[in-house]
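Following: one structure in structure tokens, then a few remarks.
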Amino acid sequence: MTGKMLQIGLVGLGTVGTGVYETLCRNHDLLEARAQIPFEVRRVAVRRLDRPREVEIAPELLTDDWHDLVEDPNIDIIIELIGGTTEAYRLIKAALEAGKPVVTGNKAVLAEFGGELFRLSGEKGVPLYFEASCGGGIPIVQSLQNSLICNNVQSIVGIINGTSNYILTSMREKGTSLRDALESAQKLGFAEADPTFDINGWDAAHKALILAAVAYGIPLKPDKISVYGIDRVESVDQHFAGRLGYTIKLLMVIKHHTETDQLELRVQPSFVPLNHILSKVDGVFNAIAVKGDIVGETIFYGRGAGKNPTSSAVIGDLVLAMRERRHPDFHTGFRPYAKNLEVLPISETVTPYYVRFRVQDSPGVIAAIASVLARYEIGISRTSSTFSTTDGKGLTWCNLVFMVHECKWGRLKAALKEIGRVPNIDRHPVVFRIETFND
Ligand SMILES: NC(=O)c1ccc[n+]([C@@H]2O[C@H](COP(=O)([O-])OP(=O)(O)OC[C@H]3O[C@@H](n4cnc5c(N)ncnc54)[C@H](OP(=O)(O)O)[C@@H]3O)[C@@H](O)[C@H]2O)c1
């Protein structure tokens with residue numbers, strides 16, 4: 001064992017903070033033996049001191065003011081696990097300014113303030129670690145930074161939001177509605193009380209932005225990513241997907257187009273072929289497929305959230321931070337090392353699509369849709385439909401599905417706008433991309 005006792009300041013003792021504290025106590029000897037650095041948790045900051053805790057902790061360790069930790073000259077490293085953006089930003093900034101390395105699991109604060117925080121981290125030579133911000137227990141950040149360092153990353157495609165994946169899995173397996181699946185996820189503790197970012201795709205988008213920044217060195221710019229959530233997925237789409245040989249997943253897609261040196265950056269529900277490994281990733285599990293020019297295909301699979309898996313990532317970073325304190329210059333963190341890649345405009349991105357129209361069951365509707373698609377040179381690969389149902393006004397409706405060949409999203413969008421003007425067709429079709437995984 002070498003060096004002086006390392007003192008840790010832990011801010012936040014909620015789901016992840018509790019897991020981190022418990023693991024640091026339970027596996028203390030193992031960690032010291034492996035890291036070869038003695039350590040202890042010196043202080044823990046929380047919001048409410050009177051709140052009952054799941055973990056036994058000496059009252060003198062607790063404070064309700066995180067400044068006590070940042071300003072304590074004996075504390076060497078800060079772990080930020082409070083969530084949110086405003087206060088977390090202030091805390092991380094203050095810690096870096098005080099010369100204390102920070103470990104965080106907070107994707108929201110990095111997506112919003114990462115540019116500034118990483119600049120500060122670079123200027124001060126004080127590292128900021130963030131493995132737990134992407135994919136919970138999956139070691140994707142350190143893998144991109146270290147193990148895969150010799151690769152030009154060609155693509156990163158994955159399922160990185162456990163709540164939405166649980167909901168989509170329930171809808172497919174039990175035929176439940178999105179709302180019922182969400183309620184069940186909340187009862188089982190798989191979804192937060194406010195699941196807005198899980199449903200609207202922004203939780204996955206924050207993680208995608210971080211991974212794109214790690215893999216390509218591009219600045220973190222939330223306005224550059226195209227984001228659609230699972231809110232438009234209905235059981236009928238899951239049903240069609242299954243019938244046509246697919247399942248629906250909320251996918252993050254980051255793809256480098258070498259010919260134009262542009263980056264495709266998007267999050268949306270997508271049709272995944274049943275023979276692709278990502279189609280088998282169900283429930284709260286996450287999986288991230290990374291393709292590099294040297295390594296080829298790799299896949300990282302595991303629990304994308306939860307107390308213990310996330311603690312595993314936080315503590316991995318903590319040990320790295322302890323080791324790198326001696327040589328902060330070796331930190332591979334968030335250094336831009338690529339050219340400043342442009343993001344490909346979403347209207348230029350190309351995939352095949354699933355388009356579901358709700359139409360009044362009347363002669364000529366299919367022909368009308370097909371003729372507009374033909375005029376836009378969009379080929380149809382398959383069609384399918386449901387039986388008609390009659391609404392309260394005596395009108396009969398059915399769902400018509402068109403699977404269309406690869407085309408630019410901008411072109412399909414223009415065609416759909418025109419189709420929306422055809423009588424007897426609902427103006428807002430449901431559109432999902434079909435991922436082919438060919439390149
Ligand atoms: N939960 C997961 O599975 C998961 C997975 C990956 C990443 N993360 C990230 O990890 C972070 C923590 O998540 P969590 O689920 O553990 O959150 P949580 O259960 O809501 O816990 C938040 C903790 O922070 C404390 N806190 C809040 N504001 C504070 C302040 N101003 N000063 C001091 N303490 C403060 C709270 O204190 P009180 O206890 O007194 O209220 C609580 O202990 C978030 O950034 C989240 O995105 C979570």
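Whatever order the structure lists ligands and atoms in, that order sets their numbers, starting from 1. For the numbers below, each heavy atom of this structure counts, side chains included, while hydrogens, waters and symmetry mates do not.
- Between the side chain of S311 and the main chain of K307, a donor-acceptor pair closer than 3.5 Å is present.
- Scanning all protein heavy atoms for the shortest distance to atom 44 (C) of ligand 1 gives G83 CA, 3.5 Å.
- Inclusion of L13 in the set of residues having an N or O under 3.5 Å from an N or O of ligand 1 is warranted.
- Nearest to atom 12 (C) of ligand 1 by heavy-atom distance, out of T104, D64, L81, is L81.
- Ion pairing between D72 and R43 fails under the 4.0 Å rule for side-chain N and carboxylate O.
- Atom 6 (C) of ligand 1 has T310 CG2, 3.4 Å as its closest protein atom, hydrogens excluded (heavy atom only).
- A distance-only check finds a donor-acceptor pair linking the side chain of N151 to the backbone of V295 [under 3.5 Å].
- A distance-only check finds no donor-acceptor pair linking the side chain of E80 to the backbone of V102 [under 3.5 Å].
- Among A108, S311, G17, G105, the residue whose heavy atom sits closest to atom 46 (C) of ligand 1 is G105.
- Below 3.5 Å of separation, one finds no N or O of W66 facing any N or O of ligand 1.
- A salt bridge links D50 with R48: the distance from a Lys NZ or Arg NE/NH1/NH2 to an Asp or Glu carboxylate oxygen falls below 4.0 Å.
- Around atom 28 (N) of ligand 1, the closest heavy atom drawn from L69, T63, V11, I82 belongs to I82.
- Under the rule for a side-chain hydrogen bond (donor to acceptor under 3.5 Å, both in side chains), D231 has no partner lying at least two apart in sequence or in another chain.
- Distances from atom 41 (O) of ligand 1 to the heavy atoms of R51, K207, R90 put R51 nearest.
- The backbone of A132, and not its side chain, has at least one atom closer than 4.0 Å to an atom of ligand 1 (non-hydrogen atoms only; backbone = N, CA, C, O).
- Note on ligand 1: K107 sits in its first shell, one or more heavy atoms being nearer than 4.0 Å.
- Considering only non-hydrogen protein atoms, atom 21 (O) of ligand 1 sits nearest to G14 CA, 3.2 Å.
- Heavy-atom proximity to atom 33 (C) of ligand 1, evaluated over L110, D50, V46, L49, is greatest for V46.
- In this structure, V431 and L412 approach most closely via the heavy-atom pair CG1-CD2, 4.1 Å.
- Using a 4.0 Å heavy-atom cutoff, G306 is listed among the residues neighbouring ligand 1.
- Note: F39 and H28 have tilted aromatic rings, judged against thresholds of 30 and 60 degrees for the angle between ring planes.
- A donor-acceptor contact shorter than 3.5 Å links the side chain of K280 to the backbone of L274.
- Contact annotation: E80 has no heavy atom less than 4.0 Å from any atom of ligand 1.
- In terms of heavy atoms, S155 sits closest to Y216 at N-OH, 4.0 Å.
- Counting protein heavy atoms only, atom 17 (O) of ligand 1 is closest to T15 N, 4.5 Å.
- Considering both main-chain and side-chain atoms, V16 comes within under 3.5 Å of ligand 1 through a nitrogen or oxygen pair.
- Near R53, meaning under 4.0 Å from any of its heavy atoms, are these atoms of ligand 1: 38 (P), 39 (O), 40 (O), 43 (O).
- Inspection of the T63 and D65 side chains reveals no N or O donor paired with an N or O acceptor under 3.5 Å.
- Checked for salt-bridge contact, D282 and R172 meet the test: a charged N lies under 4.0 Å from a carboxylate O.
- Distance check for atom 39 (O) of ligand 1: a protein heavy atom is found below 4.0 Å.
- Scanning the protein for heavy atoms near atom 36 (C) of ligand 1, the closest one is R47 NH2, 3.9 Å.
- Polar contact with ligand 1: absent for E87 (N/O pair, distance under 3.5 Å).
- For the side chain to side chain contact (heavy atoms under 4.5 Å, CB included) test, residues two or more places apart in sequence or in another chain that qualify with H405 are S381.
- Counting only heavy atoms of the protein, atom 25 (C) of ligand 1 lies nearest to G12 CA, 3.8 Å.
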